[in-house]
Amino acid sequence: MTAGVNEAATDEWVAETTTFQRVRSVMRTTYDGQTTSEIAARAHVSETTARKHLEDLAESGYVDSSPSSEGATRYARSTESLILEEAHDILERVETGELVQQITDMEAELESYRDEFDAENPEQAAIAGTVIDQQTLTAWQTTRRNLSFARTALALSESKETVQATNAV
Amino acid sequence: MDSQDSAAESHSLRGPLDRTALREFRDVVAAIEPLATGSLEGEIRTTSLRIQLDDGIGRADHGRFDVRWSTTGDYNIHYTDDLDRNLRWDVHPHDFPAPTGDEHYHPPPNAASDPDSVEGSCITVREVELVARATVTLWRDAYDRGSVNGANELVDPP
């Protein structure tokens, strides 16, 4: 009875979480703008509840809201919030020396893609009409993304040191 | 483009890999399955989530899930164990004649990719939280039955 596993997962999730936790969880990795109605369905909450939680999440900067032409507000995870979340996680788990090395390695990888496709990034390559296979495209985009998180982590680490040092005097 | 390239091309995840989704998947599994330990492959250059299972299904001693999840919600959830049995639940575009949707399943013993073997996936939920929970449930079911066969069809106990 294959419907069982999906229903069971949903029932457990609903039983073990608050409506706010579910809306936040859904929004954590929602990168395209979605309406309150779409989000409510995914989080198994009423639209009214979703709207309330989304307004709170927008207030705290976790999600960005943008009105659309039809009038329905759309919500997506705030990019700033996402970057800081990942940078923070990296800082907790990785030593500075390792972080610097990984950044260097990722920059080298991106340089090789730029050389291979004669473009600054995949968007430029597309404009130039260059065809890139899906696996390479995913690798390129993944490294660009993770490099951004890593650079932010390093900048955060350095700024923290400086600010703490200036606080101490 | 030879047939192997085009096969890889038409079966890839769309979009960059999503480190945030992999961390969430890991955390959900850790909270609900004591036998599972998840860790990112590549703390920064994250290529997948590796979930080690401390006991094996049937005669196996242990097992492992390798999870890849993209920002578009495409994913691979690949199971492998020390008896070299493999199976995989996937969501991504494909050119198999069946099933019609992006959700599909590569059955054991070797996660077969021939069009006759590939099935529709029993996992229809799409949220990271829910797919992680469904994966644990499917593993536990196979573990309790002692068999990887039929992993894609959860049968209620009598």
Between A/T10, A/T30, A/D89, which residue shows the highest count of heavy-atom pairs closer than 4.5 Å to chain B?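 Top option by heavy-atom pairs under 4.5 Å: A/D89.
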Counting heavy-atom pairs under 4.5 Å with chain B, which one of A/L99, A/T17, A/N146 comes out on top?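 Between A/L99, A/T17, A/N146, the count favours A/N146.
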Basic-acidic side-chain contact under 4.0 Å: A/R42, B/E129: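 No.
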Ion pair present between A/E16 and B/R133, side-chain N to carboxylate O less than 4.0 angstrom?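 Salt bridge flag = yes for B/R133 with A/E16.
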If you count every heavy atom of other residues, nucleotides or ligands that lies below 6.0 Å from [X] atom [atom1], does the total exceed 12?
X      : atom1 : answer
A/E123 : CD    : yes
A/E111 : CD    : yes
A/E80  : CD    : no
B/D114 : CG    : yes

In terms of heavy-atom proximity below 4.5 Å to chain A, should [X] be classed as side chain, backbone, both, or neither?
X      : answer
B/E24  : both
B/R126 : neither
B/V128 : side chain

Taking the side chain from A/T29 and the backbone from B/A21, do they hold a donor-acceptor pair closer than 3.5 Å?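 Judged by distance alone, no pair lies under 3.5 Å.
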Do side-chain atoms of A/N6 reach the backbone of B/T124 as a donor and acceptor pair under 3.5 angstrom?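 Yes, A/N6 side chain to B/T124 backbone: donor-acceptor pair under 3.5 Å.
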Which distance, rounded to the nearest 0.5 Å, do you find between the [atom1] of [X] and the [atom2] of [Y]?
X      : Y      : atom1 : atom2 : result
A/R22  : B/L130 : CZ    : CG    : 10.0 Å
A/L137 : B/S12  : CG    : OG    : 9.5 Å
B/L40  : A/R93  : CG    : CZ    : 6.5 Å
A/L82  : B/R19  : CG    : CZ    : 10.5 Å
B/T20  : A/E85  : OG1   : CD    : 5.5 Å

Pull out the residues in residues 41-65 of chain B that come under 4.5 Å of chain A, heavy atom to heavy atom, sorted by number.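 Interface residues of residues 41-65 of chain B: B/E43, B/I44, B/R45, B/T46.
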Closest heavy-atom contact between A/A9 and B/A134?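 The pair with the smallest heavy-atom distance is CB-N, 4.1 Å.
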Part of [X] lying under 4.5 Å from any heavy atom of chain B:
X      : answer
A/L147 : neither
A/D105 : both
A/V26  : both

Could you check if a side-chain atom of B/T71 sits within less than 4.5 angstrom of a side-chain atom of A/Q141, using non-hydrogen atoms only?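 Not in contact.
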Answer yes or no: is there a side-chain heavy-atom contact under 4.5 Å between A/R145 and B/D18?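 A/R145 reaches B/D18 side chain to side chain.
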Pairs where residues 14-59 of chain A contributes a residue and the test ring-ring contact (aromatic ring centres under 6.0 Å, His included) is met, not counting sequence neighbours: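 Qualifying pairs, neighbours excluded: A/F20-A/H53.
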Taking side chain to side chain donor-acceptor pair (under 3.5 Å) as the test, write out the residues that go with A/E98, two or more places apart.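 So A/E98 forms a side chain to side chain donor-acceptor pair (under 3.5 Å) with A/Q102.
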hydrophobic_cluster_shared for A/M106 and A/V100, side chain cutoff 4.5 Å: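 Yes; A/M106 is reachable from A/V100 via cluster members.
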Do B/Y79 and B/L83 land in one hydrophobic cluster if side-chain heavy atoms of ILVMFWY residues count as linked below 4.5 Å?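 Different clusters: B/Y79 never reaches B/L83 through Ile, Leu, Val, Met, Phe, Trp or Tyr contacts under 4.5 Å.
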Residues two or more places apart in sequence or in another chain: which of them pass salt bridge (Lys or Arg N to Asp or Glu O under 4.0 Å) with A/R151?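 With sequence neighbours excluded, A/R151 shows a salt bridge (Lys or Arg N to Asp or Glu O under 4.0 Å) to A/E107, given in chain and number order.
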